[in-house]
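Below is one structure, written out as structure tokens, with a few remarks after it.
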Amino acid sequence: MRGYLGQEGFCVFTASNATDGMRLIEIQAPDLVLLDWMLPGITGLEICKHLRRSSSIPIIMITGRSGESDRVLALEAGVDDYIVKPFNLLELGARIRSVLRRFPKEAS
């Protein structure tokens, strides 16, 4: 996924756990967060709720959880899009571009 997104022109930062991910978001201030629900320790859903308390950064939840109730929980927690594994990388790229169009980066 990282390689594909890099080829598509996205600057990609990755973290292997929730703590590192939260720190990376604070340091790098990305335009968008791809967030896996099933993280060790703190779930992606909890990270989403935490981010929503102080940020409007666009979030796309990437998960193996395909149930309707899971999608509803994630959307109500504040995700902007939801994609279920396995997915096509072309679709992921299109979803990222779609979300970024709805949340244009403010000029500095």
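In this chain, numbering begins with 1 at the start of the sequence shown.
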Going by atom type alone, with no hydrogens or angles, which donor-acceptor pairs under 3.5 Å involve a side-chain atom of residues 3-15 and a protein atom two or more places apart or on another chain?
{"unit_1": "E8", "atom_1": "OE1", "unit_2": "R97", "atom_2": "NH1", "d": "3.4"}
{"unit_1": "T14", "atom_1": "OG1", "unit_2": "R2", "atom_2": "NH1", "d": "3.1"}

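- With hydrophobic clusters built from ILVMFWY side chains whose heavy atoms lie under 4.5 angstrom apart, Y82 does not share a cluster with V72.
- Scanning both residues, C48 and A77, for their nearest heavy atoms gives SG-O, 3.5 Å.
- Linking ILVMFWY side-chain heavy atoms closer than 4.5 Å, directly or via other members, places I59 and I83 in two distinct hydrophobic clusters.
- Cluster note: I27 groups with no other residue, as no ILVMFWY side-chain heavy atom lies under 4.5 Å from it.
- Linking ILVMFWY residues whenever their side-chain heavy atoms come closer than 4.5 Å, directly or via other members, places I57 and V79 in the same cluster.
- Residues that satisfy the side-chain hydrogen bond (donor to acceptor under 3.5 Å, both in side chains) test with R102, not counting sequence neighbours, are absent from this structure.
- Considering only residues two or more places apart in sequence or on other chains, D81 meets the side chain to side chain contact (heavy atoms under 4.5 Å, CB included) condition with I60, R95, V99.
- The closest donor-acceptor contact from the side chain of R52 to the backbone of G78 lies under 3.5 Å.
- Atom CD of E91 has more than 12 neighbouring heavy atoms from other residues, nucleotides or ligands inside a 6.0 Å radius.
- By the side-chain hydrogen bond (donor to acceptor under 3.5 Å, both in side chains) test, S16 is found to be paired with no residue, residues two or more places apart in sequence or in another chain being considered.
- Put simply, V84 and M61 are part of the same group of oily side chains (I, L, V, M, F, W, Y) that touch within less than 4.5 Å, one to the next.
- To the nearest 0.5 Å, atom CG of residue L24 and atom OG1 of residue T19 are 12.5 Å apart.
- Note on L100: it clusters hydrophobically with L90, by side-chain heavy-atom contacts below 4.5 Å among ILVMFWY residues.
- The main-chain N or O of R71 is never found under 3.5 Å from a side-chain atom of R65 such that the two would form a donor-acceptor pair.
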Atom pairs and distances, side-chain donor-acceptor, residues 30-47, under 3.5 Å, sequence neighbours left out:
{"unit_1": "D31", "atom_1": "OD1", "unit_2": "K105", "atom_2": "NZ", "d": "3.1"}
{"unit_1": "D36", "atom_1": "OD1", "unit_2": "M38", "atom_2": "N", "d": "3.0"}
{"unit_1": "D36", "atom_1": "OD2", "unit_2": "K85", "atom_2": "NZ", "d": "2.7"}
{"unit_1": "T43", "atom_1": "OG1", "unit_2": "L45", "atom_2": "N", "d": "3.4"}
{"unit_1": "T43", "atom_1": "OG1", "unit_2": "E46", "atom_2": "N", "d": "3.1"}

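- For the pair L51/M22, a side-chain contact is recorded, criterion being any heavy-atom separation below 4.5 Å from C-beta on.
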